[in-house]
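Beneath this line is the structure, given in structure tokens, with notes to follow.
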Amino acid sequence: MSPVRVRFAPSPTGMLHVGGARTALFNWLFARHNGGTFILRVEDTDNERNTPEANEAIFSGLTWLGLDWDEGPNRGGSRGPYRQSERSAIYESYLNKLKDAGLVYDDAGATRFRSPNTTRAIPDLICGETVFAGREEPDMTVRRADGSFIFHFVNVVDDIEMGVTHVIRGEDHLPNTPRHLDLYEAFGVTPPHFAHIPLILNPSGTKMSKRDEGASVAEYKNAGYHPQGVLNYLALLGWSPKEDREIFPTQELVSRFTLEGVNRGNAKFDLEKCAWISGQYFHVMEPAALREVVLPFLAASGLTSTEADLPDALLLELRTKIRTLSEAVPLLTALLRDDFPVDAAATAKLRAQSDPKPLLDALASAFQEVGTWQGSELDAAIGKAAEGLGTKKGALMFPCRVALTGQAGGFGLTMVLEQLGRERSLERLTRFS
RNA sequence: GACCCGUUCGUCUAGCGGUUAGGACACCGCCCUUUCACGGCAGUAACACGGGUUCGAUUCCCGUACGGGUCGCCA
């Protein structure tokens, strides 16, 4: 079998769509698994969409996910250029082939292809043999009156020119395939293998659109999802390693990916599970690595901080509490800023229980007696305060937490106390009223 | 409307003729923790329907219903 060559051919719409990202992922996995070549080709024949920002959205999205391309924009390759807007000469020559064969005609300035409309059987690697009986569709336009070329035409020409062996694309292209086959036949070229993958649906069951939550890869990047986690989630959406396990690091996805494992049915997108998988990756992240990714996140939220503010012990606890980096911000804000925000619901709940003042005073005086400001001693001090009040230790912890952080949840209480230090802890306890 | 693809817990899925229909997210309960989580354990919850084929269908075939997609001088 000839070496595998696959491509991801997005149109610059201004964002990298999750559906597109998964198509890219499956192509990438297939290429990497088979030691083949992954090509990125930008389908920018529609000039209105072709902006530098729109191109950049594709590149940065793929790069964030770790999907590197062997040939394509910013990378080169022997079958370029890889932007359709730069391939007009190639399209001209292919169009001439059709003209010479008398297979096209002029229609109000546009060029149409005489579609044979014969019955076409597509030996799809995922859907199985799919037969489209002879159709009665209008001849397809291959070139607009303004001289630009149409998707179906350039898509086929590029796949031929770039030596694509397997076309792995969304199932929405399946009904287009007979027309593509018409073109391959007209050019006298053996078509590539086709593999149409099922679609990603939004939670309400229709094709995921730009406006749906989680539709753009940039959203995940901005919210601080773990890129490998998102990749892992996307891989499991429509493909199964057939094992009762959810976490598959990228390298393992590569070694296990096959087209046979791709499902036929569409899959609904579940942001909750995506977040859970992302969290699984953070849960095992080394402190140094976590520090590196969380610091810029804090800075972006206007939280000036340094490495010294994030000791390993704190990060080791932080990693179990977040699914995305944005979840780390409020947690850390409470420790790093003295003008931290206060959750109204938490204070309301606190006051509904009993007057917190005497409890906090008791805690403050117990903490004052602490010798070394460290876990076990702090813990003992809370016990002592509880004893003095004739109450349970647990009864003091929620009030203490709210006074110290303004939140109902967050880090373990002794961690909060340790990080805040004696002075700031006492200050917050006495200031609370 | 025509043509294609599809249909296992709410969701993602395992299953490829005989299973107590398994796992995961979410949800609920318990344990751990005198806090918040993490973690561990248990639970609720699914084969769309009707015909066949077969000793036996979630698994194979045909219908029906439902869902999705495509029918552009968008990609």
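A, B, ... follow the sequence lines: proteins, then strands. Residue 1 opens every chain. FYI, side chains are in, hydrogens and waters are out, and symmetry mates aren't considered; it's all heavy atoms of this structure.
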Nearest-Å distance for atom pair [atom1]/[atom2], residues [X] and [N]:
X        : N      : atom1 : atom2 : value
A:Phe149 : B:rC73 : CZ    : P     : 16 Å
A:Lys273 : B:rG23 : NZ    : P     : 13 Å
A:His196 : B:rA75 : NE2   : P     : 17 Å
A:Asp172 : B:rG67 : CG    : C1'   : 16 Å
A:Arg7   : B:rA75 : CZ    : P     : 14 Å
A:Asp244 : B:rA24 : CG    : C1'   : 8 Å
A:Asn263 : B:rG69 : CG    : C1'   : 17 Å

Hydrogens and angles aside, do [X] and [Y] bring a side-chain donor and acceptor to less than 3.5 Å of each other?
X        : Y        : value
A:Thr414 : A:Asp379 : no
A:Asp158 : A:Gln84  : yes
A:Ser115 : A:Asn117 : no
A:His196 : A:His173 : no

Side-chain N or O of [X] versus OP1/OP2 of [N]: is the shortest distance under 4.0 Å?
X        : N      : value
A:Arg143 : B:rG72 : no
A:Thr141 : B:rC73 : yes
A:Arg112 : B:rC73 : yes

Worksheet item: Is the A:Phe248 ring parallel, tilted or perpendicular to the A:Trp239 ring (thresholds 30°, 60°)?
Response: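 Geometry flag for A:Trp239 against A:Phe248: perpendicular rings.
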
Item to complete: Check the pair A:Lys97, A:Glu92 against salt bridge (Lys or Arg N to Asp or Glu O under 4.0 Å), reporting the backbone distance first and the verdict last.
Response: CA-CA 9 Å; A:Lys97 292 183 188 185; A:Glu92 291 286 356; over 6 Å; no

Suppose you measure atom [atom1] in [N] against the same atom in [M]; what distance do you get, rounded to whole Å?
N      : M      : atom1 : value
B:rC41 : B:rG6  : C1'   : 38 Å
B:rU34 : B:rA45 : C1'   : 35 Å
B:rU20 : B:rA2  : P     : 45 Å
B:rA65 : B:rC30 : P     : 48 Å
B:rG67 : B:rC12 : P     : 16 Å
B:rC9  : B:rG50 : C1'   : 23 Å
B:rG22 : B:rC47 : C1'   : 13 Å
B:rU54 : B:rC66 : C1'   : 28 Å

Complementary nucleotide for [N] - Watson-Crick or wobble, under 3.5 Å:
N      : value
B:rC32 : none
B:rA46 : none
B:rC55 : B:rG18
B:rA26 : none
B:rG6  : B:rC66
B:rC74 : none

Any salt bridge between [X] and [Y], counting N to O under 4.0 Å?
X        : Y        : value
A:Lys242 : A:Glu260 : no
A:Glu243 : A:Arg256 : yes
A:Glu286 : A:Arg291 : no

Write down the protein N/O and nucleotide N/O pairs, taken from nucleotides 31-37 of chain B, whose separation is under 3.5 Å; answer none if there are no such pairs.
{"from": "B:rU34", "atom 1": "O2'", "to": "A:Gly394", "atom 2": "N", "distance (Å)": "3.1"}
{"from": "B:rU35", "atom 1": "O2", "to": "A:Arg401", "atom 2": "NH2", "distance (Å)": "2.2"}
{"from": "B:rU35", "atom 1": "O2", "to": "A:Leu413", "atom 2": "N", "distance (Å)": "3.2"}
{"from": "B:rU35", "atom 1": "N3", "to": "A:Leu413", "atom 2": "N", "distance (Å)": "3.3"}
{"from": "B:rC36", "atom 1": "O4'", "to": "A:Arg401", "atom 2": "NH2", "distance (Å)": "3.2"}
{"from": "B:rC36", "atom 1": "O2'", "to": "A:Gly410", "atom 2": "N", "distance (Å)": "3.2"}
{"from": "B:rC36", "atom 1": "O2", "to": "A:Lys321", "atom 2": "NZ", "distance (Å)": "2.3"}
{"from": "B:rC36", "atom 1": "O2", "to": "A:Gly410", "atom 2": "O", "distance (Å)": "2.9"}
{"from": "B:rA37", "atom 1": "O2'", "to": "A:Thr320", "atom 2": "O", "distance (Å)": "3.4"}

Worksheet item: Pick one: which of A:Tyr220, A:Tyr281, A:Tyr233 meets ring pair (Phe, Tyr, Trp, His ring centres under 6.0 Å) with A:His226?
Response: A:Tyr281

Fill in: Minimum heavy-atom distance A:Pro73-A:Phe59, with the two atoms named
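Closest approach of A:Pro73 to A:Phe59, heavy atoms only: CB-CZ, 3.6 Å.
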
Discussion item. Using heavy-atom distances to pick each residue's nearest nucleotide on RNA chain B, tell me which of A:Arg22 and A:Arg144 is more 5'.
Written reply: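 Mapping each residue to its closest nucleotide by heavy atoms, the 5'-most match is A:Arg22.
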
Discussion item. Here's a test of your reading of the structure: between A:Phe269 and A:Ile150, which maps to the more 5' nucleotide of RNA chain B?
Written reply: A:Phe269

Response to the item:
Residue pairs meeting side-chain hydrogen bond (donor to acceptor under 3.5 Å, both in side chains), one or both in residues 103-114 of chain A, sequence neighbours left out, come to A:Tyr105-A:Asp139, A:Asp107-A:Arg112, A:Arg112-A:Thr141

Fill in: Closest to the A:Ser240 side chain, choosing from B:rA75, B:rA26, B:rA14
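Nearest nucleotide to the side chain: B:rA14.
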
Practice prompt. Find out whether the Lys NZ or Arg CZ of A:Arg22 is both under 6.0 angstrom from the six-membered ring centre of A:Phe26 and within 45° of the ring's axis.
Written response: yes

Worksheet entry | Axial cation check for A:Phe398 ring with A:Lys349, 6.0 Å and 45° limits | yes

Item to complete: Report the C-alpha separation of A:Arg245 and A:Glu252 in whole Å, then their side-chain angles, then the decisive distance to 0.1 Å, and conclude whether the salt bridge (Lys or Arg N to Asp or Glu O under 4.0 Å) test is met.
Response: CA-CA 12 Å; A:Arg245 194 153 62 88; A:Glu252 200 172 352; 2.6 Å; yes

Worksheet entry | Within residues 249-261 of chain A, residues whose heavy atoms come under 4.0 Å of RNA chain B | none

Item to complete: For salt bridge (Lys or Arg N to Asp or Glu O under 4.0 Å), just list the numbers for A:Lys393 and A:Glu387, CA-CA rounded to whole Å, side-chain angles, deciding distance to a tenth of an Å, and then say yes or no.
Response: CA-CA 8 Å; A:Lys393 202 166 145 190; A:Glu387 211 176 311; over 6 Å; no

Practice prompt. For residues A:Phe153 and A:Phe113, establish whether the separation of their ring centroids is below 6.0 Å.
Written response: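 No, too far apart.
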
N/O contacts under 3.5 Å, protein versus nucleotides 3-10 of chain B?
{"from": "B:rC5", "atom 1": "O2'", "to": "A:Glu171", "atom 2": "OE1", "distance (Å)": "3.1"}

Could you go through nucleotides 61-65 of chain B and list every protein N or O atom that sits under 3.5 Å from one of its N or O atoms, giving the distance for each pair?
none

Discussion item. Would the base of B:rA14 count as contacting A:Lys242 through its side chain, where contact means a donor and an acceptor less than 3.5 Å apart?
Written reply: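 Side chain to base: no pair below 3.5 Å.
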
Item to complete: Assign a letter to each nucleotide of nucleotides 43-50 of chain B from its 5' end: B, base within under 4.0 Å of a protein heavy atom; S, sugar-phosphate only; -, no contact.
Response: --------

Worksheet item: Should we count CD of A:Glu86 as having more than 12 external heavy atoms under 6.0 Å?
Response: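 Yes, CD of A:Glu86 has more than 12 neighbouring heavy atoms, counting only those of other groups under 6.0 Å.
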
Response to the item:
One should read off an interatomic distance between A:Ile200 CD1 and A:Glu171 CD, to the nearest 0.5 angstrom, of 12.5 Å

